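Read the structure below first, then the notes.
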There are 2 protein chains.
Amino acid sequence: MNYFTSTSLKRIAESTVRRLSLYLSFLEGIERQGLKTISSDELARLGGTTSAQVRKDLSLFGSFGKRGLGYSVPELSEKLREILGLGKQWRVCIIGAGKIGAALARYRGFADRGFIVTAVYDSDQAKIGKRWDNLTVRSIAELEKDSAKQDFDIAVVATPAENTPAVVKQIVRAGIKAILNFAPVQLAVPADVTVRNVNMAMELEGLSFALSNRGD
Amino acid sequence: MNYFTSTSLKRIAESTVRRLSLYLSFLEGIERQGLKTISSDELARLGGTTSAQVRKDLSLFGSFGKRGLGYSVPELSEKLREILGLGKQWRVCIIGAGKIGAALARYRGFADRGFIVTAVYDSDQAKIGKRWDNLTVRSIAELEKDSAKQDFDIAVVATPAENTPAVVKQIVRAGIKAILNFAPVQLAVPADVTVRNVNMAMELEGLSFALSNRGD
DNA sequence: GATAGCTTGTGAATTACTTCACAAGCACGA
DNA sequence: TCGTGCTTGTGAAGTAATTCACAAGCTATC
């Protein structure tokens with residue numbers, strides 16, 4: 001199923017997708033508590049939004065609730081997992097075997113959600129060949145060739161800012177269409193490659209701004 | 001200077017603040033290259049946005065450019081640092097001495113930008129008292145009392161989901177007004193507390209969604 | 001000191017996102 | 001079977017963010 005083409009022609013906003021993700025995490029908690037149904041109003045309260053927003057978000061993909069009753073928790077979870085593409089396992093490679101790369105390679109949250117780290121790359125000769133748990137750090141030069149075999153879905157970029165543009169070129173050349181970027185630079189990629197940035201400096205500066213500009 | 005009250009009455013959107021942060025990082029790179037001026041058009045290209053957007057963002061805070069010339073790189077950097085509140089040092093405490101907390105405590109990027117980690121807390125007796133570089137892990141029970149002395153500006157939450165609501169209550173009670181949240185839950189805080197969430201699962205799911213819903 | 005060439009700053013127009021508000025539908029009890 | 005109470009799904013209205021488009025202003029050159 002494909003929500004850009006078959007179901008609807010609407011472009012789905014990134015903010016909507018973030019909320020869907022959030023709703024799913026709430027539903028999983030609620031499922032564990034054993035509750036069977038939930039209303040848009042309760043979901044909204046958990047997510048800090050409005051019930052209309054919740055219903056609108058879901059209505060972009062279909063009609064999953066029952067009037068008068070709310071949404072079936074397991075059914076809606078399942079639908080959200082399907083919408084978000086969490087039914088399958090995604091093959092992830094990490095580029096950059098520094099501190100962040102190392103932390104990510106060990107991060108349990110990846111595997112828990114079906115994101116399997118299958119390789120780690122670096123350009124530093126000193127790091128290439130080192131073993132990390134069950135992975136061996138490989139040369140970035142091998143990425144394109146490896147990708148042909150392993151068919152990576154997602155590349156995680158955890159390289160120093162200055163190396164990043166070159167690394168991104170190689171990722172694109174390897175045909176990978178999704179990038180999770182931890183480097184503090186904006187990536188230049190073709191339109192068919194999706195990038196999500198995680199940039200701690202930016203988050204901290206947002207807090208700094210808020211603290212500096214409160215009503216006092 | 002306070003951009004909510006004195007300069008303008010406009011509420012500044014989070015997306016605007018993110019972009020300002022991004023512009024600043026570009027300007028710093030350009031400054032190192034020794035270039036003296038930059039146009040809104042060049043900044044826009046670096047940031048993947050439009051020149052009108054750049055000019056609009058900056059115009060919310062004043063008029064920093066010269067028609068025909070562009071913006072002075074050092075002058076605009078300085079203005080942005082001022083707007084973002086980066087002139088001073090912010091006192092940061094980390095709550096949660098697990099893997100993420102440990103990685104964050106050592107993260108150089110904090111100090112580089114004026115965010116000084118001055119304490120680490122946990123509720124686990126096994127962790128309390130351990131030394132981390134020049135910090136000792138303290139009991140979360142001490143947070144409120146410590147904060148009265150140390151006056152933390154920002155709390156970084158890196159606790160397991162289930163402990164997080166209780167931890168957040170203590171942060172709020174300690175009078176801390178800004179939280180960087182790594183826990184995969186939505187925080188309930190009063191309106192005068194600013195929260196930024198860093199949630200890797202959500203980013204990955206965004207990529208998963210994009211991969212699942214491309215035109216094919 | 002006039003002209004040409006750029007680039008800003010900003011109202012107006014457009015596009016995107018959120019909220020309102022209510023008809024329609026379901027469950028349950030009388 | 002009918003009525004009551006609740007909750008969805010969704011057009012319409014409202015709000016927010018982005019882009020357009022152009023007058024105004026600066027620099028350099030002749």
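None of these values were measured; they are calculated from a predicted model. Proteins come first, then strands; the chains are lettered A, B, ... in the order of their sequence lines, and each starts at number 1.
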Would you call B:Glu14 and B:Arg18 a salt bridge, taking side-chain N to carboxylate O under 4.0 Å as the test? yes

Interatomic distance, B:Leu43 CG vs C:dG9 P [rounded to whole Å]: 12 Å

For A:Phe26, what residues pass the ring pair (Phe, Tyr, Trp, His ring centres under 6.0 Å) criterion, not counting sequence neighbours? none

Let's go through A:Ser39 and A:Glu42 carefully: what are the C-alpha distance in whole Å and the side-chain angles of both, what is the deciding distance for side chain to side chain donor-acceptor pair (under 3.5 Å) to 0.1 Å, and is it a yes or a no? CA-CA 5 Å; A:Ser39 67; A:Glu42 291 170 273; 3.2 Å; yes

Of all of residues 188-198 of chain A, which get a heavy atom below 4.0 angstrom from DNA chain D, listed by number? none

Expected string for nucleotides 24-30 of chain D under the B/S/- scheme (protein heavy atoms, under 4.0 Å, primed atoms plus P, OP1, OP2 as sugar-phosphate) is BBBS---

Evaluate A:Asp57 against A:Gln53 for side chain to side chain donor-acceptor pair (under 3.5 Å), listing each step before the verdict. CA-CA 6 Å; A:Asp57 287 339; A:Gln53 180 77 82; 3.2 Å; yes

When you measure from the side chain of B:Ser25 to the backbone of B:Leu22, do you find a donor-acceptor pair of N or O atoms at a distance under 3.5 Å? yes

Is the distance from OP1 or OP2 of C:dC6 to the nearest side-chain N or O of B:Tyr71 less than 4.0 Å? no

Under 4.0 Å from any atom of DNA chain D, heavy atoms only: list the residues of residues 30-41 of chain A that qualify, in numerical order. A:Ser39, A:Ser40

Min side-chain heavy-atom separation B:Glu205-A:Val17 under 4.5 Å: no

With side chain to side chain contact (heavy atoms under 4.5 Å, CB included) as the test, would you mind laying out the steps for A:Leu24 and A:Leu86 before giving the verdict? CA-CA 11 Å; A:Leu24 176 56; A:Leu86 301 179; 3.6 Å; yes

Scan nucleotides 11-16 of chain C nucleotide by nucleotide, 5' to 3', and note B when protein non-hydrogen atoms come under 4.0 Å of the base, S if they reach only the sugar-phosphate, - if neither. BB----

When the distance from CD of A:Gln53 to C1' of C:dC17 is rounded to whole Å, what number comes out? 8 Å

Determine whether a donor-acceptor pair (N or O, by modelled atom type, separation under 3.5 Å) exists between the side chain of B:Ser212 and the backbone of B:Ser208. yes

Report yes if at least one side-chain N or O of A:Ser63 is closer than 4.0 Å to OP1 or OP2 of D:dG9; otherwise report no. yes

Any A:Met200 side-chain heavy atom under 4.5 Å of B:Tyr107 side chain: yes

I'd like to know if B:Glu162 pairs up with A:Arg32 as an ion pair, taking the criterion as any Lys NZ or Arg NE/NH1/NH2 lying under 4.0 Å from an Asp or Glu carboxylate oxygen. no

side-chain hydrogen bond (donor to acceptor under 3.5 Å, both in side chains) filter on B:Thr164, not counting sequence neighbours, yields B:Thr159

Report yes if a side-chain nitrogen or oxygen of B:Arg55 is closer than 4.0 Å to either non-bridging phosphate oxygen (OP1 or OP2) of D:dT19; otherwise report no. no

Rounded to whole Å, please give me the gap between CG in B:Asp57 and C1' in D:dT19. 12 Å

Along DNA chain C (nearest heavy atom to each residue), the more 5'-positioned of A:Thr50 and B:Glu42: B:Glu42

